[in-house]
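These notes concern the structure reproduced below.
As the structure lists them, so they are numbered: ligands from 1, and atoms in each ligand from 1.
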Amino acid sequence: MSKLRVAVIGAKGRIGSEAVRAVEAADDMELVAALGRGDKLEALVETGAQVVVELTTPGSVMGNLDFCVRHGIHAVVGTTGWTDERLAQLRTWLDASPETGVLIAPNFSIGAVLTMKFAQLAAPYFDSVEVVELHHPHKADAPSGTATRTAQLIAAARERAGSAPQPDATETALDGARGADVDGVRVHAVRLNGLLAHQEVLLGGEGETLTLRHDSLHHSSFMPGILLGARRVVETPGLTFGLEHFLDLD
Ligand SMILES: NC(=O)C1=CN([C@@H]2O[C@H](COP(=O)(O)OP(=O)(O)OC[C@H]3O[C@@H](n4cnc5c(N)ncnc54)[C@H](O)[C@@H]3O)[C@@H](O)[C@H]2O)C=CC1
Ligand SMILES: O=C(O)C1=N[C@H](C(=O)O)C[C@H](O)C1
């Protein structure tokens with residue numbers, strides 16, 4: 001059987017360099033290009049890449065996806081910074097290239113995907129829910145894509161269940177003291193040397209609390225999800241948001 005022809009963009013970055021090694025080590029894949037900043041995207045066409053793994057920056061990802069989708073190259077995207085406007089733009093590009101698939105995964109690690117799922121399940125049963133994400137200090141964006149998605153899923157689950165607004169008597173606060181407001185869910189971002197990627201979902205009810213915590217201790221935690229995404233996206237046209245859809249967890 002022929003191998004899946006995979007390229008990595010952002011190949012010299014923290015997660016991109018790990019992805020290069022993971023693709024090279026996968027028996028069913030061939031790494032055909034490893035692009036860094038300044039490299040020409042035409043190399044993707046010249047090398048016959050079937051799937052691109054996009055791990056760059058919010059400032060670069062849209063240009064890279066525009067190119068990939070226009071050339072019918074499927075994409076697995078870990079880069080953060082997704083807004084409704086960006087997703088709408090991507091859908092427009094995909095409409096014009098209906099056989100192309102793009103997976104955007106706020107987090108590729110199985111534990112993080114399950115944490116989001118558990119948070120969604122638990123959120124309607126508690127009065128209060130807040131999200132704390134903790135990352136290495138080199139991270140460019142806050143809050144993390146994972147925390148933003150977790151908060152959105154919590155908010156949607158609470159809305160579906162008809163949950164009451166969260167209790168909060170705060171009248172005065174220093175700017176930022178109560179975190180960011182994502183669809184009514186407070187999200188707090190910690191940046192600390194020594195950390196990689198961690199998240200806690202704190203849930204509180206009458207006389208009890210529940211804490212869901214996930215820790216990515218190494219970038220290897222993201223690799224099985226990236227490889228699964230590459231295998232599945234080639235047979236899944238259109239936009240898939242969240243690895244859970246490829247794990248039968250949706
Ligand atoms: N979804 C997930 O599971 C994960 C997502 N991420 C996300 O992936 C992104 C990258 O994270 P890190 O590797 O930590 O950052 P990084 O800064 O170490 O790496 C980004 C790399 O992309 C390169 N780059 C930027 N623009 C480029 C372009 N136009 N073409 C080619 N290369 C370009 C940079 O030079 C750099 O080498 C971030 O948005 C981060 O949040 C990170 C880890 C896991
Ligand atoms: O920048 C990182 O490191 C990570 N980024 C993603 C995010 O913003 O959620 C995924 C993971 O948290 C690591």
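With respect to atom 5 (C) of ligand 1, the closest heavy atom belonging to the protein is Gly78 O, 3.1 Å. Nearest to atom 1 (N) of ligand 1 among the protein's heavy atoms is Ala105 O, 2.9 Å. Looking from atom 1 (O) of ligand 2 to the surrounding protein, the closest heavy atom is Lys139 NZ, 2.9 Å. When only non-hydrogen protein atoms are considered, atom 19 (O) of ligand 1 lies nearest to Gly13 CA, 3.3 Å. Summary of contacts: the protein heavy atom closest to atom 11 (O) of ligand 1 is Ile15 CG2, 3.9 Å. What sits closest to atom 26 (N) of ligand 1 on the protein, heavy atoms only, is Ser60 OG, 2.7 Å. Protein heavy atom nearest atom 23 (C) of ligand 1, with residue, atom name and distance: Gly10 CA, 4.0 Å. Looking at atom 39 (O) of ligand 1, its nearest protein heavy atom turns out to be Thr80 OG1, 2.8 Å. In this structure, the protein non-hydrogen atom closest to atom 16 (P) of ligand 1 is Arg14 NH2, 3.6 Å.
Remark: the Glu54 side chain and the Asn64 side chain contain an N/O donor-acceptor pair separated by less than 3.5 Å. Side-chain atoms of Ser221 and Ser109 include no donor-acceptor pair closer than 3.5 Å. Between the side chains of Gln50 and His74, not a single donor N or O lies within less than 3.5 Å of an accepting N or O.
Taking the side chain as every heavy atom from C-beta outward, Val76 and Val51 approach each other to under 4.5 Å. Between Thr150 and Val182 there is no side-chain heavy-atom pair separated by less than 4.5 Å. For the pair Thr79 and Pro58, the minimum side-chain heavy-atom distance is below 4.5 Å. Two residues are said to be in side-chain contact when any heavy atoms from C-beta on lie closer than 4.5 Å; Glu130 and His188 meet this criterion.
Not a single heavy atom of Gly145 sits under 4.0 Å from any atom of ligand 1. Between His136 and ligand 2 there is a heavy-atom distance shorter than 4.0 Å.
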| message | Please determine whether salt bridge (charged side-chain N to carboxylate O under 4.0 Å, His left out) holds for the pair Lys139 and Asp141, giving the CA-CA distance in whole Å, both sets of side-chain angles, and the decisive distance to 0.1 Å. | response | CA-CA 6 Å; Lys139 185 166 175 57; Asp141 54 316; 2.8 Å; yes

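Using a cutoff of 4.0 Å between basic side-chain nitrogens and carboxylate oxygens, Glu200 and Arg213 are scored as salt-bridged. Salt bridge status for Lys3 with Asp27: absent, with no side-chain N to carboxylate O gap under 4.0 Å. Between Arg21 and Glu18 a salt bridge is recorded (basic side-chain N to carboxylate O distance below 4.0 Å). The pair Arg70-Asp66 meets the salt-bridge criterion, since a charged nitrogen lies less than 4.0 angstrom from a carboxylate oxygen.
Near Asn107, meaning under 4.0 Å from one of its heavy atoms, ligand 1 places the atoms 1 (N), 2 (C), 3 (O). Per-residue contacts place Ala197 under 4.0 angstrom from the following atoms of ligand 2 (heavy atoms of the residue considered): 11 (C), 12 (O), 13 (C). Close contacts between ligand 2 and Asn107 involve ligand atoms 10 (C), 11 (C), 12 (O) [criterion: under 4.0 Å to a heavy atom]. Short contacts between ligand 2 and Ser144, defined as distances under 4.0 Å to a heavy atom of the residue, involve ligand atoms 7 (C), 8 (O), 9 (O). Near Lys12, with a cut-off below 4.0 Å to any heavy atom, the atoms of ligand 1 are 37 (O). Listed by number with element, the atoms of ligand 2 under 4.0 angstrom from any heavy atom of Thr146 are 7 (C), 9 (O), 10 (C), 12 (O).
Residue-level proximity to ligand 2 for Ala140 is absent, since no heavy atom of it falls below 4.0 angstrom. Residue Pro106 touches ligand 1 through its backbone alone, judged by heavy-atom distances below 4.0 Å.
The N/O atoms of Lys139, backbone and side chain alike, include one that comes under 3.5 Å of an N/O atom in ligand 1. Taking only nitrogen or oxygen atoms, main chain and side chain alike, Thr80 does not reach within less than 3.5 Å of ligand 2. For Arg37, a nitrogen or oxygen atom sits less than 3.5 Å from a nitrogen or oxygen atom of ligand 1, counting backbone and side chain alike. Taking distance alone, with nitrogen or oxygen atoms compared against 3.5 Å, Ile9 stays at or beyond that limit from ligand 1. For the pair Gly145 and ligand 2, the shortest N or O to N or O distance falls below 3.5 Å. The shortest N or O to N or O distance between His135 and ligand 2 is under 3.5 Å. Here's the thing with Phe108: one of its N/O atoms is less than 3.5 angstrom from an N/O atom of ligand 1.
Between Thr56, Val113, Val8, Asp141, it is Thr56 that holds the heavy atom closest to atom 38 (C) of ligand 1.
Looking at every heavy atom in both residues, Ala142 comes nearest to Arg191 through CB-NH2, 3.5 Å.
Heavy-atom contacts from other residues, nucleotides or ligands closer than 6.0 Å to CD of Glu208 number more than 12. For Gln89, the CD atom sits in a packed shell: over 12 heavy atoms of surrounding residues, nucleotides or ligands are nearer than 6.0 Å.
Under a hydrophobic clustering in which Ile, Leu, Val, Met, Phe, Trp and Tyr are joined whenever their side-chain heavy atoms come within less than 4.5 Å, directly or via other members, Phe108 and Met29 fall into the same cluster.
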